[in-house]
Protein chains: 2
Amino acid sequence: MTAEPNLGLLCFFPYRALEGRVLAALAEAGFDDLTVAQGRIAARVGESGTRLTELAEQAQVTKQTAGFLVDQLERAGYVHRVPDPTDGRARLVCFGERGRAAVAVARRVEAEVEAEWTAHLGEETTRALREALTRLREVTDPWR
Amino acid sequence: MTAEPNLGLLCFFPYRALEGRVLAALAEAGFDDLTVAQGRIAARVGESGTRLTELAEQAQVTKQTAGFLVDQLERAGYVHRVPDPTDGRARLVCFGERGRAAVAVARRVEAEVEAEWTAHLGEETTRALREALTRLREVTDPWR
DNA sequence: ACAGTATCGTCAGAGAGGCTGACCATCGTC
DNA sequence: GACGATGGTCAGCCTCTCTGACGATACTGT
């Protein structure tokens with residue numbers, strides 16, 4: 001462990017750093033009731049709404065857990081559920097006003113952090129990093 | 001979210017994939033009582049022993065949580081605590097027989113996965129990826 | 001030497017996150 | 001229309017993680 005870290009662990013540091021920065025910024029912006037787990041679910045809600053099952057699969061938790069977290073997000077006013085017009089069983093989790101506002105903050109911080117990283121690594125290296133990670137996703141992300 | 005993922009999220013996929021693979025392999029090799037949280041602590045135990053506080057800081061949990069997890073690792077026979085000869089307050093968490101065996105399995109799987117990734121990306125890209133991530137660590141890892 | 005402070009670790013209590021199993025409603029298909 | 005598959009919920013349980021308080025040892029300055 002103290003030797004040279006493997007690629008997976010090396011990937012972990014930036015991820016954790018970004019997540020921490022985003023969550024801290026959200027808290028500072030008044031969205032201080034968001035937890036890490038809620039954020040991981042919320043981050044996967046699409047503009048046109050997303051099914052609970054899909055959220056669960058992408059976040060790699062059971063649908064029960066996802067439902068539990070969406071309940072909280074709903075109670076806190078970030079999202080709401082609407083019936084899926086194409087499937088009577090399903091409901092779509094959609095962002096509300098507050099959710100959209102939080103997403104805007106998150107997006108801004110993500111861009112900030114990425115700019116810092118680019119400043120540290122240089123334009124070209126960052127581009128290559130993104131390219132490599134995107135290709136690596138093909139074999140590490142079961143979701144597309 | 002469904003647009004182009006940010007660098008942090010792109011980093012997440014390989015990390016999660018590796019962690020899952022290692023944990024699955026450990027379970028298959030008979031170390032099926034290891035949990036993710038325990039693994040994250042154990043992964044930070046050095047050959048010559050590591051203090052609880054240090055484990056907690058690196059894993060970014062409180063020392064109470066780290067202590068809780070080390071208790072379990074100790075009960076399961078992976079690690080044991082020895083007094084720190086240089087500090088009467090401290091104790092060092094060290095690997096035992098079983099812990100070392102599990103580490104060996106983990107190392108093997110890490111190498112396997114990295115080989116797969118290298119096969120997918122190519123030697124040169126992988127080398128550049130590691131280089132970029134290592135430099136990125138300088139600004140994203142509070143621990144060296 | 002000793003008073004004060006910092007650090008290492010533990011105990012106790014509480015809450016959040018996550019799982020398995022069981023279940024109902026609806027969809028899609030034969 | 002019967003039946004397996006899918007979307008989601010309810011209930012119960014366990015693990016993880018935190019805050020707060022505390023004892024013990026180390027370090028620092030006078």
Side-chain angles (χ1 to χ4, degrees), chain A residues 16 19-20 23-24 26-27 31-46 48-76 78-94 143, chain B residues 16 19-20 23-24 26-27 31-46 48-76 78-94 143:
Chain A
R16 181 171 65 178
E19 190 174 69
L23 224 65
L26 283 168
F31 307 109
D32 55 348
D33 51 350
L34 269 177
T35 68
V36 180
Q38 288 168 21
R40 287 182 187 160
I41 291 291
R44 286 161 171 91
V45 173
S48 51
T50 308
R51 290 187 185 183
L52 186 65
T53 302
E54 202 172 337
L55 292 177
E57 285 171 337
Q58 291 187 23
Q60 296 202 353
V61 296
T62 59
K63 46 188 184 171
Q64 291 92 326
T65 298
F68 174 74
L69 294 168
V70 168
D71 282 347
Q72 299 177 140
L73 288 169
E74 195 167 23
R75 240 178 286 122
Y78 289 104
V79 302
H80 54 103
R81 289 168 159 115
V82 300
D84 185 333
T86 74
D87 190 331
R89 299 165 298 180
R91 298 201 282 167
L92 295 174
V93 178
C94 299
W143 295 98
Chain B
R16 181 171 66 179
E19 190 173 71
L23 225 63
L26 283 168
F31 307 108
D32 55 348
D33 51 351
L34 268 177
T35 67
V36 180
Q38 289 167 20
R40 286 182 188 160
I41 291 290
R44 285 158 172 91
V45 172
S48 52
T50 308
R51 289 187 185 183
L52 186 66
T53 302
E54 202 173 337
L55 292 178
E57 286 170 337
Q58 291 189 21
Q60 295 201 355
V61 295
T62 60
K63 46 187 185 170
Q64 292 92 325
T65 298
F68 174 75
L69 294 168
V70 168
D71 282 346
Q72 299 178 133
L73 288 169
E74 195 168 21
R75 239 178 287 121
Y78 290 104
V79 303
H80 53 103
R81 290 167 159 114
V82 299
D84 185 335
T86 74
D87 190 332
R89 297 165 300 179
R91 297 201 283 167
L92 295 173
V93 177
C94 299
W143 294 97

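By convention in this document, chain letters (A, B, ...) are assigned in the order of the sequence lines, proteins followed by strands, and residues within each chain are numbered from 1.
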### Task
Could you pick out which residue, A:Gln64 or A:Asp87, lies toward the 5' side of DNA chain C when each is mapped onto its nearest nucleotide?
A:Gln64
### Message
With a 4.0 Å cut-off on N to O distance, would you call A:Asp33 and A:Arg75 a salt bridge?
### Response
no
### Summary
Of C:dT10, C:dC19, C:dC8, the nucleotide closest to the side chain of B:Leu52 is C:dT10
### Query
Hey, does A:Thr53 reach any base, or is it just sugar-phosphate, or nothing, if we go heavy atoms under 4.0 Å?
sugar-phosphate
### Query
Can you find a side chain N or O atom of A:Arg40 that sits less than 4.0 Å from OP1 or OP2 on C:dA16?
no
### Query
Which is it for B:Arg81 and B:Val70 under the side chain to side chain contact (heavy atoms under 4.5 Å, CB included) test, yes or no, and what are the steps along the way?
CA-CA 9 Å; B:Arg81 290 167 159 114; B:Val70 168; 3.5 Å; yes
### Query
Within this structure, what is the CD1-to-P distance between A:Ile41 and C:dG17, rounded to whole angstrom?
10 Å
### Query
In whole angstrom, what separates B:Asp71's CG from C:dT10's P?
7 Å
### Message
Using whole Å, what does the distance between atom C1' of nucleotide D:dT15 and atom CG of B:Asp33 come to?
### Response
14 Å
### Query
Whole Å only: how far is the CG atom of B:Asp84 from the C1' atom of C:dT7?
12 Å
### Nearest-nucleotide 5' precedence on DNA chain C, A:Gln60 against A:Lys63
A:Gln60
### Message
Does B:Gln72 reach a base, just sugar-phosphate, or nothing at all? Heavy atoms under 4.0 Å.
### Response
sugar-phosphate
#### Entry: Carboxylate-amine/guanidinium contact B:Glu19 B:Arg40, below 4.0 Å
yes
#### Entry: Protein-nucleotide distance (A:Leu55, atom CG; C:dG17, atom C1'), rounded to Å
16 Å
### Query
What is the distance, rounded to the nearest whole Å, between atom CZ of B:Phe68 and atom P of D:dC14?
13 Å
### Task
Inspect the contact between B:Arg89 and B:Asp84 and indicate whether a charged nitrogen and a carboxylate oxygen are less than 4.0 angstrom apart.
no
### Task
Would you tell me if any nitrogen or oxygen in the side chain of B:Arg91 comes within less than 4.0 Å of OP1 or OP2 on C:dT7?
no
### Query
Should B:Arg89 be listed as having a side-chain N or O under 4.0 Å from OP1 or OP2 of C:dT7?
no
#### Entry: Spacing of B:Leu69 atom CG relative to C:dT10 atom P, expressed in whole Å
12 Å
### Separation of atom CD in B:Glu57 from atom C1' in D:dT17, rounded to whole Å
17 Å
### Message
So, does B:Arg51 get its side chain near the phosphate of C:dT7, meaning an N or O under 4.0 Å from OP1 or OP2?
### Response
no
### Sub-4.5 Å side-chain heavy-atom contact between B:Gln60 and A:Arg16
yes
### Message
Can you tell me which nucleotide in C:dC27, D:dT9, C:dG17 comes closest to the side chain of A:Thr35?
### Response
C:dG17
### Message
It should be established whether B:Thr62 places a side-chain nitrogen or oxygen under 4.0 Å from OP1 or OP2 of nucleotide D:dC18.
### Response
yes
